[in-house]
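Each remark here refers to the structure printed beneath this line.
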Amino acid sequence: MKITSVDPIYLKMPSITTAADGTQDTLLVRIRTDEGITGWGECDASPLVSLGVYCCPMSHGNIINIRESLIGETIDSADDVRRLRAKVLRNGLDIQQIHHAYSGADIALWDVVGKKLGRPAYELMGGAKQFPKLPYASVLFGDSPEETFKVARGLKERGFRAMKFGWGPLGSKDAAFDEALVQSAREGIGNEAELMVDAGVCWGNDVEKVLERAKTFAKYRLTWLEEPLHPDAIGRYGELARRKPAVPIAAGENCRTGGRAGAYWEKAVLTLMQCGAGRMGGSTLS
Ligand SMILES: [Mg+2]
């Protein structure tokens, strides 16, 4: 089976705002073959920059776009998915966003092979089992505790059993304000639902502040506190872990390569790793 087209497709809301709401636009990737099979994938960051990686003119032998590397190639098996990944990353060695942008094509290729072989992609990747997932609502904190309470209550009324609140004004004032935001979220969703907080890197490199906030937030029973520190502060995450924060710490969504994820795994010592296939080069583990 041959790859006949690789189409990056940009989707956006009618207007884009400065809110830290990552669902305002995205880039889908569609791969089609000469046997009529179509696969879909996505790259979840800066979609128009990523789109350029699919079609930018060649600069030299290490800057060849993804479409050029894939169109006309053979795709029949999991080995082909891995072979093509190595080819694309080699051809695009000096394209700084190549790993991230390739996420969409890699996911789409697993989709293509799964459809061709009539098997789920997780099996082809070597996974033994699927696990049930609990979907959660992911929203921004309101500008005030009162507004946050209303958002939380609205989600509860819609039946969500897990919710994540993040970004917005968290970290912009003092400890009492941060606590009031988390408290209002917990009160809004009730005692039963799972509550997560995405700090949106608001405490930078300040481990002490994260330890203090974690202690305060523990009484609201957080399932996790996400990205309290800057993504580059990998060593500080390790320090945080050694000092045993009062709530589980999650991070890693900013990993754009497998190597970076490996560094997080070894040095940041997180309770939860949040590396995403749509960011770090797709679903292929290498
Ligand atoms: Mg996050």
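Everything numeric here is computed off the predicted structure, so don't read it as measured data. The chain is numbered in sequence order, starting from 1. Every number for a ligand or one of its atoms is a count from 1 in the order of the listing.
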Is there a donor in the side chain of T223 and an acceptor in the side chain of E194, or the other way round, less than 3.5 Å apart? yes
Pair listing, ring pair (Phe, Tyr, Trp, His ring centres under 6.0 Å) test, anchored in residues 177-218, at least two apart: none
With a 3.5 Å cut-off and no angle check, do the side chains of N191 and R221 form a donor-acceptor pair? yes
Only counting residues at least two apart or in another chain, list the ones meeting ring pair (Phe, Tyr, Trp, His ring centres under 6.0 Å) with Y136. W224
Any donor-acceptor pair under 3.5 Å linking the side-chain atoms of E227 with those of N254? yes
Total protein N, O or S atoms, the Mg ion (ligand 1), separation less than 2.8 Å: 3
What pairs meet the ring pair (Phe, Tyr, Trp, His ring centres under 6.0 Å) rule with one or both residues in residues 66-119, with sequence neighbours excluded? none
